[in-house]
Amino acid sequence: MRWPCTGDDRECGKRARPIIMTTVAMIAGMTPIALGLGADASFRQPMATAVIGGLLTSTFLSLLVVPVIFTFVDDFERGARRFFAARRAASPDPSQPRQRWFRALRRAD
């Protein structure tokens, strides 16, 4: 099994940095509203809490779950290609199946 960040680890930082920076900035902006500070906090507080929860969930999904699922699917695809390539190499010439069938009938006679 390969991990999503094998090889050049700088590529993972390039992918993760803007996602994390955006999430932190949005959470920092929504925290005063979620804490109930400011005018008319009772009306905006549930929305801020939902936004923060959605940001945390989407960050978790985009940085951890999606790369892991991609790795599993990629490994499955490579295994399937290897399996079918080995099966194709082990089978006789696919352009000759009828002759093989007719030979089997002639032997049965």
Side-chain angles (χ1 to χ4, degrees):
M1 182 171 116
R2 295 174 301 105
W3 293 99
C5 290
T6 56
D8 192 11
D9 288 336
R10 288 175 283 175
E11 292 179 21
C12 287
K14 288 179 184 177
R15 180 176 57 93
R17 184 178 297 157
I19 295 171
I20 291 174
M21 288 175 61
T22 304
T23 302
V24 169
M26 279 293 294
I27 289 174
M30 287 288 178
T31 300
I33 300 170
L35 293 176
L37 305 174
D40 200 19
S42 64
F43 181 69
R44 296 180 182 175
Q45 191 173 9
M47 180 202 56
T49 305
V51 168
I52 290 173
L55 284 168
L56 291 174
T57 302
S58 65
T59 301
F60 173 74
L61 288 173
S62 64
L63 291 180
L64 296 175
V65 175
V66 171
V68 169
I69 291 174
F70 176 79
T71 302
F72 286 145
V73 170
D74 189 44
D75 289 345
F76 176 76
E77 179 188 8
R78 288 175 188 238
R81 284 182 191 256
R82 215 175 306 128
F83 172 76
F84 287 116
R87 192 171 177 196
R88 191 179 308 126
S91 67
D93 185 14
S95 64
Q96 305 289 332
R98 290 185 180 167
Q99 292 176 0
R100 192 176 59 221
W101 183 70
F102 287 127
R103 272 188 251 138
L105 283 177
R106 278 186 258 161
R107 288 185 196 149
D109 289 339

- Pairwise distance CD(Glu77) to CZ(Phe70) - rounded to 0.5 angstrom: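 Spacing of CD (Glu77) from CZ (Phe70) equals 8.5 Å.
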Heavy-atom check, side chain of [X] versus side chain of [Y], under 4.5 Å:
| X | Y | answer |
| --- | --- | --- |
| Leu37 | Thr31 | no |
| Leu63 | Ile20 | yes |
| Met26 | Ile52 | no |

Grouping I, L, V, M, F, W and Y whenever their side-chain heavy atoms are under 4.5 Å apart, do [X] and [Y] come out in a common cluster?
| X | Y | result |
| --- | --- | --- |
| Leu56 | Val68 | no |
| Ile69 | Leu64 | yes |
| Ile27 | Phe60 | no |

- Query: Can you name the nearest heavy-atom pair linking Ala28 to Pro32, along with the distance?
  - Reply: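 Scanning both residues completely, I find the closest heavy atoms to be O-CD, 3.4 Å.
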- For Ala41 and Gly36, which heavy atoms make the closest approach, and how far apart are they?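 Residues Ala41 and Gly36, closest heavy atoms: CB-O, 3.2 Å.
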- Message: Can you pull out every side-chain hydrogen bond (donor to acceptor under 3.5 Å, both in side chains) where at least one residue sits in residues 55-66? Sequence neighbours excluded, please.
- Response: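 Matches after skipping sequence neighbours: Thr23-Thr59.
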- In terms of side-chain geometry, is the basic nitrogen of Arg44 or Asp40 positioned less than 4.0 Å from the acidic oxygen of its partner?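 No, this pair does not count.
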- Test Met30 against every option in Thr49, Leu35, Val51 by the side chain to side chain contact (heavy atoms under 4.5 Å, CB included) rule and name the one that passes.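 It is Val51, the one option of Thr49, Leu35, Val51 that forms the side chain to side chain contact (heavy atoms under 4.5 Å, CB included) with Met30.
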